[in-house]
Amino acid sequence: MTAQIDRPTVDTVGHAAQTPEVDQPWAALGLKADEYASIREIIGRRPTSAELAMYSVMWSEHCSYKSSKVHFSLWGENTTDEMREKLLVGIGENAGVVDIGDGWAVTFKVESHNHPSYVEPYQGAATGVGGIIRDIMSMGARPIAIMDPLRFGNLNHPDTQRVLPGVVAGVGGYGNCIGLPNIGGEVVFDDCYQGNPLVNALCVGAMRIEDIHLAKASGVGNKVILFGAKTGGDGIGGVSVLASETFDAGGPTKRPAVQVGDPFAEKVLIECCLDLYAAHVVDGIQDLGGAGLSCATSELASNGDGGMQIELDRVPLRDASLRPEEILMSESQERMMAVVEPGKLDEFMAITDRWDVEATVLGEVTDGDHLVITWHGEVIVDVPPRSVAHEGPTYHRPLERPAYLDDLQANGTDTLGRPVDGNGLKSDLLTLLASPNLCDKSWVTDQYDRYVLGNTALAMPDDAGVVRVDEETGRGVAVSTDCNSRFAKLDPYTGAQLALAESYRNVATAGATPLAVTDCLNFGSPEDPGVMWQFRESVKGIAEGCKTLGIPVTGGNVSFYNQTGDIAIHPTPVIGVLGVMDDVSRRTPSGWKTAGQVIYLLGM
Amino acid sequence: MGHVVIDVMLKPEILDPQGQAVGGALPRLGFEQFTEVRQGKRFVLTVDGEVTDEHLAAAAEAAEKLLSNPVIEDVVSVRAEDPDQ
Amino acid sequence: MGHVVIDVMLKPEILDPQGQAVGGALPRLGFEQFTEVRQGKRFVLTVDGEVTDEHLAAAAEAAEKLLSNPVIEDVVSVRAEDPDQ
Amino acid sequence: MKVGVVTFPGSLDDRDAARAVRAVGAEAVTLWHGDADLKGVDAVILPGGFSYGDYLRCGAIARFAPVMDALIPAAQGGLPVIGICNGFQVLCESHLLPGALIRNDHRKFNCVDQRLVVENTQTAWTSDFEVGQEITIVLKNGEGGFVADEPTLDRLEGEGRVVFRYAGDNPNGSYRKIAGITNERGNIVGLMPHPEHAVEEGYGPSTDGLPFFTSVLKAVVNA
Ligand SMILES: Nc1ncnc2c1ncn2[C@@H]1O[C@H](COP(=O)(O)OP(=O)(O)O)[C@@H](O)[C@H]1O
């Protein structure tokens, strides 16, 4: 379908230089006055609307970690050389990679998709799973398993009946169709999540050490290729302000904030990527997730050693009316960007053709140090990529221990009544067994395929999922995710350590040696000093706990603004621990197996 | 016995992976003339007796409330079934 | 640009779990007047220019071959889209 | 002895099927959906998964893949073919087997260790079982409800072509609890549960899947 559409003139770099006084909608795009001012300073003129779009999305909390990154020095400070020994790729890449022996490497990461899942539970959860899988793929790995730590409001609340089945169906719908075993997760109910359910998704991938790929564009003349699904107007509700402010009305105005996932397209993309890796035709690779092309181009260029030139009008579109700003921001799913040497281009294209995956050369790596994007020949972006991708604003937000904590901590269990006879005990036990947080989760887990790929050694209802990586030797990994946010609310430092310890124990009891940690830090608003304090304490707790245990944090994700009005969720630092086993057939299941065995209680 | 037919389609700007897959298969069967395929849902609701305006109003309300998800779908039509279908 | 609409429904004797679920949910929302619900599929095929008889013939063939499974489904109608929809 | 495993875009259990073939000492040969070429294999597995996303109807689009142009006549000529889950759906859509598979009656995807009773051991894929034997293998699908009209069901029963029936509760609303069927000749078998996920101790609910693959070896050798 090629509709002829009049192209309104675009806001070019030349035009921007001549019209410094134009009033730009930076506030509506979520930028602060001083952030807008520093953009103007960095590029020495006002940004074009395309540049403004890029900076605004890349400098958002979600992409820039502007409130959290000052606290991340705690990771490095608490990581010893010994802990780094098995670490092949650390924090900062799409996902961390650890050496599990025999030439195998494993990558894993947990991410959140909380807000979209509240708006559209099925698609929000589905695209959350799809996104983390692409992160893992972009490291050069074959994804081998997923997990889904979930948090919902009260089970009896009518809205939970909308959100819970939708989220579970979405996780299953995507994961089952893409063919990854779901080997564990959590389902927790607490009133604090009523308006802010948490949908976290974890993916594990495996590869040979020499197959690790990184997100960087280097080698002048190398081609920059976009491949996978066509680009539509998905998830760009926010940028429509640009279209309406900068351009004539008249184009289609509906820009959905909801992204729809296509797991089939992603399954094909996985197999296609693995063939590309096997053929050694990929120099650098990046998935397209939040912030789409803005993120992929600026991060690839920023991580590389040259500049990059992109012809944006070459992007294959699902909706011909999209404006360049919108194309840059689109969060259409199931897309990847690769950097390929010109001599390997034909082979690259032959492989994508075989999988029926559309691939388009958008531009190339240049010897400059700028990211330059054109639209039908006119320059609409000309910026230093690091300033977009890595040198965004950093906030030192105020921290303050919440005043309510003293009362909360003082309110211990001493004053609670205790059952005095058998009936009392029985009724307490029944209450516990019937509580949604303790009851059987098979209504959820039976909707997930735990067998596909044929390597699952443990999954539900065990405390850790275990999958084989090497079919010859049985070498494999165990993973668990945990967090009790009620403990974290009482004391975020100790609560985060408890989550870490539980996850560590779950992996160890399965029979694996814990190796690495990923975390998804779900918190309220960073603008609340109490929340920021909880955040700092949790990070400190995890980092120091990891040092004690001797395993490094390899990556993770921060999700702020999980709050309704003034009420934040309990601090919920979800911890994932990964361990290695040289033969997963020797794993230890939880649960009694044989009558007559002796039961021991270990520990204090 | 009457029937009310309700048609629901994904909003045009929303990705339709199902329609896409069908659209991709048609040329392989020799059908080259279709440039796009979108797949939606069709509900047939049975009522006792003839379809009245009240039935249609109730069906329209049910279509908005239950049969479609306004975040991603549009109710395209609500009508009494064409008797000659 | 024209559109061909194809409606496909499960045969009446085939169980329709989705229709049943909708039918069960309606009374809980206060809609008591619908005695049965069946859910089917609606395809919209786009063609360049006006919809011709050839388009309709091709669509009917595609409907029989690919868009429906004669073991369980009926093609209820194939028609050019009602312009006022 | 070579067993072909077809990979459609969206096939998921093709790797597992190949592993199961190797587990019984045969050679697994990859058959690509886009090539109308069976590479001289002695038997074919249509594996589980979501071919073409299972969009439209499960198996409906895969049925028109070039590899099916070669497979359909070969199967009609007696080549042993098994369709597992999505593969069963492809066989029904291709009319190599009667009936169809629709959405589970509870409307959810369901992954469980499922008990089945083997009712027919005369097929190319079940001779190593015993009639009445109960096996436990994985059932995992969203659209596993087997349906057909009454005359077809009666014919299947009358001709002994119901190969597997679900034991215990009906997991998905299949008519007459039918889990798997065969054609008149017994060379084509389709079933919803997954024997290829039950061939290795420690990676699945049992090793009850192995006899499927040993059976077909015998069928080929004796043919
Ligand atoms: N959302 C989920 N996705 C996948 N598996 C889950 C999910 N929730 C719970 N599980 C799995 O179900 C089993 C039981 O969960 P749960 O009752 O929470 O156990 P525990 O309290 O021992 O962690 C575990 O194996 C867990 O991994």
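Proteins come first, then strands; the chains are lettered A, B, ... in the order of their sequence lines, and each starts at number 1.
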What's the shortest heavy-atom distance between Ile61(D) and Ala25(B), and which atoms?
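Of all heavy-atom pairs spanning Ile61(D) and Ala25(B), the closest is CG2-CB, 3.7 Å.
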Arg19(D): what forms a salt bridge (charged side-chain N to carboxylate O under 4.0 Å, His left out) with it, not counting sequence neighbours?
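With sequence neighbours excluded, Arg19(D) shows a salt bridge (charged side-chain N to carboxylate O under 4.0 Å, His left out) to Glu471(A), Asp16(D), given in chain and number order.
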Donor-acceptor pairs between chain D and chain B under 3.5 Å, which ones?
{"residue": "Leu56(D)", "atom": "N", "partner": "Gln18(B)", "partner atom": "OE1", "Å": "3.3"}

